[in-house]
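Working notes for the structure below.
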Amino acid sequence: QVRLVESGGGLVQAGGSVRLSCTAYGCNFSSNTMGWFRQPPGSGRVFVAAIRRRNVNAYYEDSVKDRFSVSRDAAKNTVYLQLNNLSPEASPVYSCAATVAASIRALQDDYDYWGQGTQVVVSS
C-alpha cells in the first residue's frame with residue numbers, strides 16, 4: 001500500500017521558517033515527480049512547488065519562488081519543502097503528492113497519490 005506521510009507543520013512566527021517533510025512508503029518515487037500543494041481553510045487546494053527526480057528540475061508557483069525551496073533525498077524516499085519568511089495568512093494545510101509521471105506537473109489531477117497534509121499556522 002502506497003502512503004505519503006507529511007510532517008513538520010505547526011506554529012511559526014511571522015517571518016520565520018519551517019521545513020516540511022514527506023516520506024513515501026510502499027513505493028519508491030525516486031524516479032517520479034513529487035509536488036506540494038496548500039489549501040487554506042474553506043478554499044481549494046493550490047499548487048506550490050514540484051520537483052523532478054534526482055533534483056534535476058524544480059518548479060514553483062510565482063508567489064513563493066523567492067521564499068520556498070523544494071528538494072528531495074532519494075535514499076530516504078523523502079521530499080522536503082523549506083518555507084522561509086512566512087507571513088500570517090489563512091493557516092493552510094500543506095499536502096505532498098506523487099505522480100507516476102517523470103515530468104513537472106502543477107495540476108492536482110496529474111497526481112496519483114496524496115498525503116494527509118500538515119498544517120502551518122503563522123502567528124503575527
Side-chain angles (χ1 to χ4, degrees):
Q1 181 180 0
V2 176
R3 289 190 302 128
L4 300 180
V5 180
E6 300 99 333
S7 61
L11 182 63
V12 185
Q13 287 190 335
S17 300
V18 66
R19 188 177 78 160
L20 308 180
S21 300
C22 172
T23 300
Y25 299 93
C27 186
N28 187 331
F29 286 109
S30 60
S31 297
N32 304 97
T33 292
M34 301 287 290
W36 285 96
F37 291 74
R38 62 182 175 184
Q39 183 174 18
S43 300
R45 196 157 50 188
V46 297
F47 174 79
V48 175
I51 186 167
R52 287 185 63 195
R53 62 191 177 95
R54 302 176 188 173
N55 294 308
V56 172
N57 296 107
Y59 179 73
Y60 300 91
E61 192 275 326
D62 284 346
S63 68
V64 306
K65 62 182 178 181
D66 294 330
R67 298 182 296 119
F68 292 4
S69 177
V70 61
S71 62
R72 66 193 303 169
D73 185 333
K76 296 181 179 180
N77 214 15
T78 297
V79 63
Y80 304 98
L81 184 67
Q82 178 71 37
L83 290 65
N84 299 319
N85 193 21
L86 289 166
S87 58
E89 47 186 2
S91 302
V93 173
Y94 286 82
S95 298
C96 71
T99 172
V100 298
S103 59
I104 288 289
R105 302 298 173 99
L107 299 178
Q108 294 184 61
D109 290 345
D110 289 335
Y111 287 85
D112 306 285
Y113 303 98
W114 290 85
Q116 82 289 349
T118 184
Q119 190 172 26
V120 177
V121 179
V122 183
S123 62
S124 57

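Quick caveat: nothing in here was measured; it's all calculated off a predicted structure. The figures that follow rest on heavy atoms only: side chains count, while hydrogens, waters and symmetry mates do not.
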### Task
For residues Ser103 and Arg105, report the shortest heavy-atom separation together with the two atoms involved.
OG-NE, 3.0 Å
### Query
Would one find more than 12 heavy atoms of other residues, nucleotides or ligands at under 6.0 Å from atom CD of Gln13?
no
### Query
When rounded to the nearest 0.5 angstrom, what is the spacing between CG in Asn32 and OH in Tyr113?
9.0 Å
### Task
Could you walk me through whether Ser17 and Asn84 pass side-chain hydrogen bond (donor to acceptor under 3.5 Å, both in side chains), step by step?
CA-CA 4 Å; Ser17 300; Asn84 299 319; 2.9 Å; yes
### Task
Determine, using the 4.5 Å side-chain heavy-atom cutoff (strictly less than), whether Phe47 and Val79 are members of one ILVMFWY cluster.
no
### Task
Would you mind reporting whether Ile51 and Trp36 have side-chain heavy atoms less than 4.5 Å apart?
no
### Task
Calculate, to the nearest 0.5 Å, the distance between atoms OG and CZ belonging to Ser87 and Arg67 respectively.
5.5 Å
### Pairwise side-chain contact, Val48 with Glu61, heavy-atom cut-off 4.5 Å (strictly under)
no
### Message
If hydrophobic clusters are built from ILVMFWY residues whose side chains come within less than 4.5 Å, do Leu86 and Val93 share one?
### Response
no
### Query
Do the side chains of Arg52 and Ile104 get nearer than 4.5 Å, heavy atoms only?
yes
### In one Ile/Leu/Val/Met/Phe/Trp/Tyr side-chain cluster, 4.5 Å: Tyr80, Tyr60
no
### Message
With a 4.5 Å cut-off on side-chain heavy atoms, are Asn77 and Phe29 touching?
### Response
yes
### Name of the residue among Leu4, Thr78, Leu81 meeting side chain to side chain contact (heavy atoms under 4.5 Å, CB included) with Met34
Leu4
### Task
Using a 4.5 Å cut-off on heavy atoms from C-beta on, say whether the side chain of Val46 contacts that of Arg38.
yes
## Note on the structure
On a heavy-atom basis, the closest approach of Val2 and Cys27 is CG2-CB, 3.8 Å
### Query
Got a sec: does the CG of Asp109 have more than 12 other heavy atoms crowding it under 6.0 Å?
no
#### Entry: Closest approach of Thr118 to Glu6 (non-hydrogen atoms, all atoms of both residues)
CG2-CB, 3.9 Å
### Task
State the OG-NZ distance between Ser30 and Lys76, to the nearest 0.5 angstrom.
15.0 Å
### Query
Hey, what do you get for CZ (Phe68) to OG (Ser63), rounding to the nearest 0.5 Å?
7.5 Å
### Task
For Phe37 and Gln108, work out which heavy atoms get closest and say how close.
CE2-CG, 3.7 Å
### Task
Considering non-hydrogen atoms only, spot the tightest contact between Ser124 and Pro88 and give its length.
CB-CG, 3.7 Å
### Query
Are the side chain of Gln119 and the backbone N or O of Ser91 linked by a donor-acceptor pair below 3.5 Å?
yes
### Task
Determine whether Val18 and Val70 fall in the same hydrophobic cluster, where Ile, Leu, Val, Met, Phe, Trp and Tyr are linked whenever their side-chain heavy atoms lie under 4.5 Å apart.
yes
### Message
Applying a strict under-4.5 Å side-chain criterion to I, L, V, M, F, W and Y, I'd like to know whether Val64 and Leu20 cluster together.
### Response
yes
## Note on the structure
Between Ser31 and Ala102, the two heavy atoms sitting closest are O-CB, 4.0 Å
